[in-house]
Amino acid sequence: MDDLQVVGVHGIRQRDTNEVKLAEDWSEALSRSIAMHIGANAAAPGMTTPYYGDVFPRGRLQLGEDEEAADLDVDGDGEEFLLQALEAHTPLDPAWQPPAGTLGKVPRTSPRITASLAAIDRRFGPRTGRAVLSRLSEVQGYFSDKHKDKAAEVRDRVLQSIKQTGATLIIAHSLGSVVVYDMFQRGQIPASVNQLITCGSPLAWLPIQRKLRLQTPMTLLLPSHVAWLNVLDPYDPITAGLGLATLAPVVTDEVVDNQDDPHSAELYLEQRPVALTVHAHITRQLPAS
């Protein structure tokens, strides 16, 4: 049902794809989900995914090619943000030290960050800390004054997709959820949007909330007409296993199982809560017969 559109906002590490391929992958996953959980003949919406993987330069805001060890391109404030986020994610146990050789290659940075990576690996599995740091580095880059023009370009691409498609539902994955929430705060999301689905979101992390300048107590708020579903796998390290319902009165948290790839956007899209919410939303948009 291509006349009904969903805008999908991706996370990081999408530099080897493009807007067309990304839209195909997400659309196929959502169509499979609706067919599986609703029925083979149930209508599936069209999917548009504004692509911004080319905005931040390659080699920045990541650990380098194929996540090999690299120097982090952050200033003192940026490193402090990363440190706070990592330590909030998995508090350090000062009495524990990682066995020799378990971290693999790590970026050349402070010993405290290295210790935090080890703590995350201990909780979620080998090399998970590096993956978390890679994603956090791009979140930091999005908020950095040095990259504010690039962040504005990301927001503009999302906005133009919403305007061009007339979409009233947004699905945001990972860093995409931070971008979309930031846009809501800035008043940049059209009032016609009335449903948000976030998947694998890091919005529960206190340092990210501080970057968003949330008021104390930290509360995530959307316009009153916007329904919000947040889907998380408790083993997804980008969520730190945390939902958003305790921070956002209007959020419904749904816990799912993405099996062996807990942060996968496509696996999130294939989950039953996503299919039910999308189907209910597009059914309400259909003209009365």
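These values consider heavy atoms only, across backbone and side chains, with no hydrogens, waters or symmetry-generated copies.
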Using every non-hydrogen atom in the two residues, find where [X] and [Y] come nearest and quote the distance to one decimal.
| X | Y | value |
| --- | --- | --- |
| Ala191 | His225 | O-NE2, 2.9 Å |
| Ala167 | Gln5 | CB-O, 3.4 Å |
| Val178 | Pro202 | CG2-CG, 3.8 Å |
| Gly243 | Leu232 | N-CD1, 3.8 Å |
| Ala23 | Met47 | CB-O, 3.7 Å |
| Asp236 | Thr239 | O-OG1, 2.9 Å |

Would you mind reporting whether [Y] and [X] have side-chain heavy atoms less than 4.5 Å apart?
| X | Y | value |
| --- | --- | --- |
| Ile197 | Val6 | no |
| Leu221 | Pro249 | yes |
| Ile189 | Ile170 | yes |
| Arg272 | Val256 | no |

To the nearest 0.5 Å, what is the distance between [atom1] ([X]) and [atom2] ([Y])?
| X | Y | atom1 | atom2 | answer |
| --- | --- | --- | --- | --- |
| Asp156 | Gln160 | CG | CD | 4.5 Å |
| Leu244 | Thr198 | CG | OG1 | 5.5 Å |
| Asp253 | Thr246 | CG | OG1 | 7.5 Å |
| Arg186 | Leu159 | CZ | CG | 12.5 Å |
| Glu28 | Leu269 | CD | CG | 11.5 Å |
| Cys199 | Glu266 | SG | CD | 11.0 Å |

Can you check side chain to side chain contact (heavy atoms under 4.5 Å, CB included) on Thr48 and Gln164, steps first, answer last? CA-CA 10 Å; Thr48 298; Gln164 290 167 9; over 6 Å; no
Got a donor-acceptor contact below 3.5 angstrom from the [X] side chain to the [Y] backbone?
| X | Y | answer |
| --- | --- | --- |
| His10 | Tyr52 | yes |
| Gln195 | Thr168 | no |
| Asn258 | Asp233 | no |

When you compare the side chains of Tyr142 and Arg155, does any donor N or O come within less than 3.5 Å of an acceptor on the partner?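 A donor-acceptor contact under 3.5 Å links the two side chains.
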Would you check if there is a donor-acceptor pair between the side chains of Ser201 and Ser177 at a distance under 3.5 Å?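 Looking only at side-chain atoms, Ser201 and Ser177 do form a donor-acceptor pair, the distance falling under 3.5 Å.
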Can you say whether the rings of Tyr268 and His263 are parallel (under 30°), tilted (30 to 60°) or perpendicular (over 60°)?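 Tyr268 and His263: perpendicular rings.
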Residues that Lys21 engages under side-chain contact (heavy atoms from CB on, under 4.5 Å), provided they are two or more places apart: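 side-chain contact (heavy atoms from CB on, under 4.5 Å) check on Lys21 returns Thr17, Asn18, Glu24, Asp25.
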Linked, directly or transitively: [X] and [Y] (ILVMFWY side chains, under 4.5 Å):
| X | Y | value |
| --- | --- | --- |
| Ile238 | Leu267 | no |
| Val179 | Val193 | yes |
| Val231 | Tyr235 | no |

Could you name each residue pair satisfying side chain to side chain donor-acceptor pair (under 3.5 Å) that touches residues 31-44, not counting sequence neighbours? Arg32-Glu270
Near Phe184 CZ, under 6.0 Å, is it more than 12 heavy atoms from other residues, nucleotides or ligands?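 Buried by this count: over 12 neighbours within 6.0 Å.
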Knowing that exactly one of Leu212, Asn230, Leu247 qualifies, which makes a side-chain contact (heavy atoms from CB on, under 4.5 Å) with Leu203?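 The option that passes is Leu212.
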